[in-house]
Amino acid sequence: MAEKEKSLTMGKLTFRVQRYEPTRDEKTYLQEFVIPFTKGMTVLDGLNYIKEKLDNTLAFRVSCRMGICGSCGMLINNFPCLACHITVEELGKDVIEIKSLPNYGIIKDLVPDLTPLFEKHKSIRPYIVRSDSEEMEEPTAEYTQSPQALEEYLQFSFCVKCGLCLAACPTSATDVLFLGPQSLAQAYRYCADSRDEGMRERTAIVDSGHGVWLCHLAGACSEACPKGVDPALAIQLLKRTVLAQTLRLQKKKEASPIAPPPVEEKPKLPVPEFTAKPS
Amino acid sequence: MRQSYFRLLQLITGVAVFFLIAVHITALRLDDFAGGLGVHIEEPTSWGSVMDRATSAGWASFYIILLAVAIYHALYGLRGVLMELPWPPVIARSLNYIMIGIGIVVFGYGSFIALNAYYS
Ligand code: SF4
Ligand code: FES
């Protein structure tokens with residue numbers, strides 16, 4: 001390890017970057033760039049260096065640079081990662097191969113076409129569904145929720161829609177219509193939400209030929225997820241929910257009520273004499 | 001139809017196959033063990049013994065049920081595996097029908113033999 005770090009700190013890095021320009025290239029190819037190593041640099045820093053100093057035609061997606069927006073998903077040394085989230089030291093190699101995420105089309109170079117991810121996400125109705133459609137469309141107040149009820153789905157709500165899980169999923173690789181770990185995990189996230197009443201509609205969507213039952217728990221999605229969402233766990237819980245509903249064992253859920261209007265405000269303490277009063 | 005019904009049937013047939021095969025193996029191969037349990041089977045693989053079973057309504061129904069259950073369980077599992085292969089779209093679309101077709105043919109042939117032996 002010490003030797004590895006020494007070779008990294010002393011040297012240069014070789015970035016083997018996938019290139020593809022759909023109007024010109026028939027297929028993708030790798031282009032090599034040699035860049036200087038700096039301590040603590042992320043793969044995204046390397047790509048930014050290439051774009052600024054070596055080849056400004058290189059295309060990749062980026063926004064927050066801190067693992068929040070989920071834009072910079074790429075296949076880095078054959079593992080789906082967020083380029084801003086992984087440092088060169090973590091990879092421990094001075095040759096780094098960067099490709100566009102698998103299981104998606106490519107728009108250009110390292111930019112995957114995430115349309116299927118968003119379409120599948122949309123298809124499972126990823127929002128609170130209420131039987132009172134009027135209240136749902138024109139809400140008058142928020143719904144109440146206890147901290148315990150929040151715990152039921154909190155972990156699954158950390159999803160940033162980066163699409164790494166779908167890129168890692170072997171079932172998505174063989175069945176393009178498979179709903180995939182991201183949307184299935186989100187289906188469970190909303191079904192487990194105490195404010196939601198859309199479980200029946202959602203289970204009808206996921207209990208289909210390309211739905212939840214195609215997952216055979218490879219677990220690659222959970223390994224790839226940079227936010228600790230554990231989509232594989234959510235999918236297993238979703239299977240249990242669907243089966244319980246089929247067997248009519250699902251307990252009827254009382255959706256959280258609308259929060260009552262705020263109680264009368266307590267009178268504010270008088271401003272002490274010695275404090276500067278607002279003019 | 002919802003996939004969970006088929007899935008549930010797959011689980012039920014899996015458990016059923018386990019017990020039905022256990023009866024089948026005990027009757028055919030573990031006659032000493034069955035003897036220990038108080039069920040005496042004379043030479044289970046001899047012609048006479050096979051024909052005795054084939055012409056008994058209980059055994060004939062048992063084998064037809066085992067056949068149906070095993071065919072469903074095997075073909076549903078096989079379909080799941082095959083669905084993951086990159087078939088040309090026309091085959092992918094027809095896979096369910098192909099599986100149902102194979103199931104009907106195998107069940108028809110197997111139960112024909114069982115019924116033929118029963119009425120012989
Ligand atoms: S579940 Fe994880 S890997 Fe999948 S899209 Fe959400 S954050 Fe990304
Ligand atoms: S740039 Fe936002 S997650 Fe990497």
Side-chain angles (χ1 to χ4, degrees), chain A residues 102-105 116 120 123-124 166-181 183-184 187-188 191 198-221 234-250, chain B residues 1-23 61-62 64-108:
Chain A
N103 299 346
Y104 299 99
K120 287 170 186 177
S123 75
I124 55 97
L166 200 139
C169 172
T171 309
S172 299
T174 53
D175 180 1
V176 285
L177 298 176
F178 174 48
L179 280 172
S183 58
L184 291 173
Y188 181 73
C191 289
M199 185 188 284
R200 199 157 280 281
E201 291 163 51
R202 248 178 244 115
T203 48
I205 298 163
V206 301
D207 192 6
S208 61
H210 299 279
V212 67
W213 301 110
L214 281 192
C215 165
H216 30 69
L217 196 49
C221 51
I235 297 174
Q236 304 324 302
L237 294 171
L238 184 62
K239 283 180 183 171
R240 193 172 72 179
T241 307
V242 171
L243 212 51
Q245 212 177 61
T246 303
L247 292 170
R248 312 259 186 277
L249 296 174
Q250 190 74 34
Chain B
M1 181 135 145
R2 287 196 174 193
Q3 283 296 309
S4 49
Y5 291 115
F6 299 120
R7 190 73 187 188
L8 197 59
L9 209 50
Q10 169 80 344
L11 296 178
I12 294 168
T13 53
V15 175
V17 162
F18 178 82
F19 286 108
L20 296 178
I21 292 279
V23 171
S61 336
F62 170 85
I64 290 173
I65 292 169
L66 174 57
L67 183 67
V69 162
I71 288 174
Y72 180 86
H73 189 77
L75 290 182
Y76 187 81
L78 185 63
R79 167 190 167 273
V81 176
L82 292 180
M83 267 173 63
E84 296 202 2
L85 297 178
W87 298 105
V90 59
I91 298 194
R93 272 196 306 273
S94 341
L95 205 57
N96 284 344
Y97 300 108
I98 295 172
M99 287 295 147
I100 292 171
I102 294 174
I104 291 174
V105 169
V106 176
F107 180 74

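As the structure is a computational prediction, the values presented were derived from the model and not from experiment.
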Interface moiety of A:Leu214 toward chain B, non-hydrogen atoms closer than 4.5 Å: both
Give a yes or no answer on whether the side chain of B:Trp87 reaches the backbone of B:Ser94 with a donor-acceptor pair at less than 3.5 Å. no
Ignoring hydrogens and angles, tell me if any N or O in the side chain of A:Asn103 forms a donor-acceptor pair with the backbone of A:Ala168 under 3.5 Å. no
Using the side chain to side chain contact (heavy atoms under 4.5 Å, CB included) rule, take A:Gln236 and A:Cys215 through it: C-alpha gap first, then chi angles, then the decisive distance, then the call. CA-CA 9 Å; A:Gln236 304 324 302; A:Cys215 165; 3.7 Å; yes
Under 4.5 Å from a heavy atom of chain B, the part of A:Ala204 involved: both
As an exercise: rank A:His216, A:Gln245, A:Lys239 by heavy-atom pairs under 4.5 Å with chain B and give me the winner. A:His216
Any side-chain to backbone donor/acceptor pair from B:Tyr72 onto B:Phe6? Under 3.5 Å, distance only. yes
